[in-house]
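One structure follows; several queries about it will come next.
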Amino acid sequence: MNILVLNCGSSSAKFAVLDPQTGLEHLTGIAQRIGSPEASLDWNHGGTKHSKPLHGADHGQALREAVALLRALGLEESLGGVGHRVVHGGSLFSASTLITPEVVAQVQACIPLGPLHNPPNLLGIALAGELLPHLPQVAVFDTAFHQTMPPRAYLYPVPLEWLEQHAVRRYGFHGTSHRYVSAKAQEMLNLAANEGCILTAHLGNGCSATAVKNGQSVDTTMGLTPLEGLVMGTRSGSVDPALIGHMTRATGLSADAVLDLLNKKSGLLGLSGLSNDMRALEQAADQGHQRAQIALEVFCYVLARQLAGLVVGLGRLDALVFTGGIGENSVLIRQKVLHLLGFLGLELDDQANAQAVRGRAGRITHSLRPQALVVPTKEELMIAADTALLVQAS
Ligand code: AMP
């Protein structure tokens, strides 16, 4: 049985047809720039890349094309279910779930918490229901893995009434990735599923780190929204909240406009003035670009500082895991961060670090306890596996 995995965003929809047991990907693709004249459907089948213009297609037209494609490739009959990435499940979901009208209503209730992500996620669910009505659908939440955090980690020190009245608390994101790579690290360390004190650093365009104790998330860097925590591609991560008031008074911009700048024009892009792309920044820094150098310094320092802070929730450190585009590929960032964290007993193995790139997993320290690992994340596989499990159980 194969699973169709769907990640429906505001202007793009990623899809994949894969075998949840072997991880074999029969088809991967993305509808990009949905709603614009440059909209396109790009896919990879059998190792060959293809592209087709969609000329201003909306989400419905784009997904209809994607379903027509998997039909044309003879993949529809093999499908056992559709797994959706859903960003915000609030406090309502602590695990993946079969989608029912009640679940849809609950995801709708979480829209105030995830105003940018939950509406397109819900659109994807509605469209998949229309286009593939015979298939069961499953929601896999970015927030679910972090529902095990204790109050001391998820509460903000603000009036406690805000929690009850406005759901103000820390939720955490990238849960599917943190869950997958921490479980892989347990395997690599010969630990059982309920053992180990592991830090996971998911470093992509969005970045977050999580403290996983005995298989459960006990703290994480992202909060009410994915803006909190580490320095990211275009997001600032944690800043003094009074900065928003200061900037509205200083510039005349609205609070929403300043928040938009913290989300879209800050982080690596804002510091460097050049790019949000780590590869471009490494190259520029190497050529002497000072703002790129500063951006890398701040990125690594904030990351190391927050990782060290997360160890408090663990009480001990067995392993630090790097994943995501940067974590899986940047030899330089891993080297800088491990250098800053040397006091924890992490001793970098330069040769192993240089080799752990482009999907290769492995230990990159001489030290064994604690050790640093590179583990390529597989969020699609996790979504497919959860979907298959729930479909079979039903
Ligand atoms: P993701 O969101 O997980 O796809 O990660 C995207 C980020 O990974 C971007 O900042 C890329 O520049 C970065 N990245 C990918 N490959 C490399 C590499 N070889 N070296 C440094 N950064 C990389």
Side-chain angles (χ1 to χ4, degrees), residues 5 7 9-16 25 28-30 32 42 44 85 87 116-117 142 173-182 184 200-210 221-222 226-227 229-237 263-287 289 291-300 302-303 321-339 348 350 352-362 364 372-383:
V5 174
N7 180 357
S10 57
S11 63
S12 72
K14 270 173 98 174
F15 57 92
E25 292 179 335
T28 58
I30 183 166
Q32 303 193 78
D42 304 314
N44 188 328
R85 177 181 183 200
V87 169
L116 301 179
H117 296 106
D142 258 33
F173 297 86
H174 290 144
T176 314
S177 178
H178 292 297
R179 178 159 64 108
Y180 175 79
V181 299
S182 60
K184 273 280 156 205
T200 51
H202 178 104
L203 310 175
N205 219 345
C207 300
S208 71
T210 295
T221 56
M222 283 178 167
L227 182 58
L230 306 174
V231 176
M232 309 179 215
T234 62
R235 278 174 255 166
S236 61
N263 268 302
K264 296 185 186 151
K265 298 281 180 210
S266 299
L268 292 173
L269 174 64
L271 283 169
S272 70
L274 191 66
S275 173
N276 62 323
D277 189 292
M278 186 57 87
R279 269 169 302 199
L281 293 183
E282 284 189 15
Q283 214 174 2
D286 193 46
Q287 290 162 358
H289 192 291
R291 283 182 63 173
Q293 290 168 351
I294 282 288
L296 297 192
E297 286 305 308
V298 176
F299 181 89
C300 292
V302 171
L303 174 57
V321 183
F322 290 96
T323 195
I326 298 170
E328 292 168 29
N329 294 295
S330 177
V331 174
L332 180 71
I333 296 298
R334 295 188 307 232
Q335 180 204 333
K336 282 178 178 288
V337 172
L338 288 179
H339 181 69
L348 181 68
D350 283 309
N353 187 33
Q355 282 167 359
V357 290
R358 287 187 291 279
R360 237 171 289 144
I364 56 166
L373 299 167
V374 174
V375 179
T377 195
K378 293 196 176 148
E379 288 168 283
E380 275 86 13
L381 178 58
M382 282 299 264
I383 295 173

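Both ligands and their constituent atoms are indexed starting at 1 by order of listing.
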On a heavy-atom basis, the closest approach of Asn276 and Gly233 is CB-O, 3.3 Å
Asp277: partners by salt bridge (Lys or Arg N to Asp or Glu O under 4.0 Å), with sequence neighbours left out
Arg279
Inter-residue atom distance Leu227.CG - Ser266.OG, 0.5 Å rounding
8.0 Å
Could you list the residues that satisfy side chain to side chain contact (heavy atoms under 4.5 Å, CB included) with Gln355, not counting sequence neighbours?
Gln351, Arg360
Contacts for ligand 1, heavy atom under 4.0 Å, by chain and number, are Gly204, Asn205, Asn276, Asp277, Met278, Arg279, Glu282, Gly324, Gly325, Ile326, Asn329, Ser330
What distance do Thr176 atom OG1 and Arg85 atom CZ have between them, rounded to the nearest 0.5 Å?
7.0 Å
List, one per line, each side-chain donor-acceptor pair under 3.5 Å for residues 375-383, sequence neighbours excluded.
from	atom 1	to	atom 2	distance (Å)
Thr377	OG1	Ser177	OG	2.8

